[in-house]
Amino acid sequence: MPSIVKILRAAADPNRLRILLLLKAEELSVAELQEILVMGQSTISTHLSQLKHAGLVEDRRTGKSSFYRLTTTSATSGGSDFLDGLLVIAEKETSEAAADHSAMRSVVKKRQDRMRSFFDTMAGRLGRDYVPGKSWKSLAEALLRLMPPMTIADLGAGDGTFSLLLAQRATQVIAVDSSARMLEVGREQAARHSIENVDFRLGDMEEPPIEDAAVDLVFFSQSLHHALHPERAVHEAFRILKPDGRVAILDLVKHRFEEAREIYADERLGFSEAELADLLEQAGFQSVTTAIVDKEADTPQFQTLLATGDKPGAASDLGNL
């Protein structure tokens, strides 16, 4: 953790202080900070370089862009109390703070809209067109670990293909997706097959429109790598699960196929087993397991990872899965 003197020097500039306030709330790129603060790239980059040198911010490379955030040590070490207190005071006394946060929310929404636009254009085609990781082998592997009849939340459900499969055995499936067009296609397919126990709901997997402790199982099927904040989505899964409920995540093993960001609107290039296990454990899940359940033969040879975890609580039928 940087010393108090370094913090004061770095925060002495009002624009650097504004940047720190923004990065406390959200991970942002240089271009996004430019848009929010209405400053030139060189100015933003210089401020970020000074903040990074002071040990207050760190960057994460994503494709051609770098995203900046407060350093992990700033967020976790005992010395962070001074910086936290300084930012609380600064937020109250910086006249631009409210406008900056409003502009930030708009910028983050644009990021989400770009992803949503991709899925709107793909609605109705995902069952026919190739999508990395969506193999029948991996889906069947997951299905074997689920059932018996229960209430299931399918977060990032897309056009509902998997929700409709789950509905054959589930008491109810709540299919949540941020693309209205995808949900429309899902409803059409459900009506076509006379499936009545799927509830299609418009919403984000990071804020699913589902009550606390309402479902027995939460499923992410090749959706978590589209989340801007995967940890929030996993915490929300914990919230909506009943005690003794279970979460299951099917996603891509971390890879280097950068084109996936453009072709499939992927926010992240998959996860390692350790990363998914850590996300689940930090959210409060127990008995966490991970396994690579499929590897595609064709280049770039995507691999599929299955992770599961249990929400603590009274004994239930889920313990027999």
Exercise. Can you check salt bridge (Lys or Arg N to Asp or Glu O under 4.0 Å) on K110 and E35, steps first, answer last?
Worked result: CA-CA 12 Å; K110 287 181 182 178; E35 184 174 347; 2.4 Å; yes
Exercise. Can you name the ring-ring contact (aromatic ring centres under 6.0 Å, His included) partners of F200, sequence neighbours left out?
Worked result: none
For this session: Going by the salt bridge (Lys or Arg N to Asp or Glu O under 4.0 Å) test, name the single residue among R69, R111, R232 that passes it with E27.
Result: R69
Exercise. Hey, are E206 and H229 close enough side-chain-wise for a donor-acceptor pair under 3.5 Å?
Worked result: yes
Exercise. So, S179 side chain and M182 main chain: donor-acceptor pair closer than 3.5 Å or not?
Worked result: yes
Exercise. Within the side chain of S66, is there an N or O that forms a donor-acceptor pair under 3.5 Å with the backbone of R60?
Worked result: no
Problem set entry | Same apolar cluster: V107 and L228, side chain cutoff 4.5 Å | yes
Exercise. Closest approach of A157 and A175, non-hydrogen atoms and distance?
Worked result: CB-CB, 3.7 Å
Problem set entry | Exceeds 12 heavy-atom contacts within 6.0 angstrom, atom CD of Q301 | yes
Exercise. With no hydrogens and no angle check, is any side-chain donor or acceptor of S45 less than 3.5 Å from a backbone partner on Q41?
Worked result: yes
Exercise. After noting the C-alpha distance and the side-chain angles of L250 and L305, does the key distance pass the side-chain contact (heavy atoms from CB on, under 4.5 Å) rule?
Worked result: CA-CA 6 Å; L250 269 178; L305 175 62; over 6 Å; no
Problem set entry | Stepwise side-chain contact (heavy atoms from CB on, under 4.5 Å) check, T304 with I292 | CA-CA 6 Å; T304 302; I292 296 174; over 6 Å; no
Exercise. Hey, quick one: are V218 and L224 part of the same hydrophobic cluster, counting side-chain heavy atoms closer than 4.5 Å, chains of contacts allowed?
Worked result: yes
Seminar exercise, completed: So CG of L28 and CD of Q34: to nearest 0.5 Å the spacing works out to 12.0 Å
For this session: Work out which heavy atom in E236 is nearest to a heavy atom in P208; give both atom names and the distance.
Result: OE1-CD, 3.3 Å
For this session: State plainly whether one hydrophobic cluster holds both M39 and L20, where clusters connect Ile, Leu, Val, Met, Phe, Trp and Tyr through side-chain heavy atoms under 4.5 angstrom apart.
Result: yes
Seminar exercise, completed: Here the pair of heavy atoms bringing V173 nearest to A170 is CG2-CB, 3.7 Å
Exercise. Do the side-chain N and O atoms of D159 and T161 include a donor-acceptor pair separated by under 3.5 angstrom?
Worked result: yes
Problem set entry | Donor + acceptor pair across side chains of T151, T171 (<3.5 Å) | no
Exercise. Any chance CD of E258 has more than 12 other-residue heavy atoms, nucleotides or ligands included, within less than 6.0 Å?
Worked result: yes
Exercise. Distance from S102 atom OG to E96 atom CD, nearest 0.5 Å?
Worked result: 14.0 Å
Exercise. Taking atom NE2 of H225 and atom CD of E267, what is their separation to the nearest 0.5 Å?
Worked result: 10.5 Å
Problem set entry | Any donor-acceptor N/O pair, Q282 side chain to L279 backbone, under 3.5 Å | no
For this session: Compare all side-chain heavy atoms of L280 with those of I249 and state whether any distance is below 4.5 angstrom.
Result: yes
Exercise. Can you name the nearest heavy-atom pair linking A237 to F220, along with the distance?
Worked result: CB-CE1, 3.9 Å
For this session: Output yes when a side-chain donor or acceptor of Q189 lies under 3.5 Å from a complementary backbone atom of G186, and no otherwise.
Result: no
Exercise. Do the side chains of F285 and R246 get nearer than 4.5 Å, heavy atoms only?
Worked result: no
For this session: State whether E184 and R181 are salt-bridged, where the test is any N-O pair (Lys NZ or Arg NE/NH1/NH2 against Asp/Glu carboxylate O) under 4.0 Å.
Result: yes
Exercise. Under 3.5 Å, side chain of N197 to main-chain N/O of A167, donor-acceptor pair present?
Worked result: yes
Exercise. Are the side chains of K109 and S106 in touch, meaning some heavy atoms are under 4.5 Å apart?
Worked result: no
For this session: Decide whether L21 and I19 are clustered together by the hydrophobic rule: side chain heavy atoms of Ile, Leu, Val, Met, Phe, Trp, Tyr closer than 4.5 Å, transitively.
Result: yes
Exercise. For atom CZ of R9, is the number of surrounding heavy atoms from other residues, nucleotides or ligands below 6.0 Å larger than 12?
Worked result: no
Exercise. Can you name the closest pair of heavy atoms from D177 and G158 and give their distance?
Worked result: OD1-N, 2.8 Å
For this session: Taking the side chain as every heavy atom from C-beta outward, state whether T43 and H47 have any atom pair closer than 4.5 Å.
Result: yes
Exercise. Given side chains that start at C-beta, do those of L306 and T290 come closer than 4.5 Å, heavy atoms only?
Worked result: no
For this session: Could you check if a side-chain atom of Q222 sits within less than 4.5 angstrom of a side-chain atom of D251, using non-hydrogen atoms only?
Result: yes
Exercise. How long is the span from the OG1 atom in T289 to the CG atom in D310, to the nearest 0.5 Å?
Worked result: 8.0 Å
Exercise. Quick check: does any side chain N or O of S223 sit under 3.5 Å from a backbone N or O of L155, one acting as donor and the other as acceptor?
Worked result: yes
Seminar exercise, completed: Taken to the nearest 0.5 Å, the spacing of T46 OG1 from N15 CG works out to 11.5 Å
Exercise. Tell me, do V176 and M205 make a side-chain contact under 4.5 Å, heavy atoms counted?
Worked result: no
For this session: For the pair I210 and L241, evaluate side-chain contact (heavy atoms from CB on, under 4.5 Å) and give the outcome as yes or no after the intermediate values.
Result: CA-CA 10 Å; I210 303 175; L241 277 169; over 6 Å; no
Exercise. What about V288 and V247, same hydrophobic cluster or not, with Ile/Leu/Val/Met/Phe/Trp/Tyr joined at side-chain heavy-atom distances under 4.5 Å?
Worked result: yes
Problem set entry | Nearest atoms (heavy-atom pairs only) where S163 meets D154 | OG-OD2, 2.6 Å
Exercise. Under the 6.0 Å and 45° cation-pi test, does K254 pair with F271?
Worked result: no
For this session: Please tell me if the side chains of D294 and F302 come closer than 4.5 Å, counting only heavy atoms from C-beta onward.
Result: no
Exercise. Should the ring pair F162 and F219 be called parallel, tilted or perpendicular, given that the plane angle runs from 0 to 90° and is split at 30 and 60?
Worked result: tilted
For this session: In sequence, state the C-alpha distance, the side-chain angles, and the governing distance for S49 and K52, and then conclude on side-chain contact (heavy atoms from CB on, under 4.5 Å).
Result: CA-CA 5 Å; S49 176; K52 187 176 180 180; 5.7 Å; no
Exercise. Which distance, rounded to the nearest 0.5 Å, do you find between the CZ of R105 and the CD1 of I36?
Worked result: 10.5 Å
Problem set entry | Salt-bridge criterion met for R61 and D59 (N-O under 4.0 Å) | no
Exercise. Do side-chain atoms of K311 reach the backbone of F238 as a donor and acceptor pair under 3.5 angstrom?
Worked result: yes
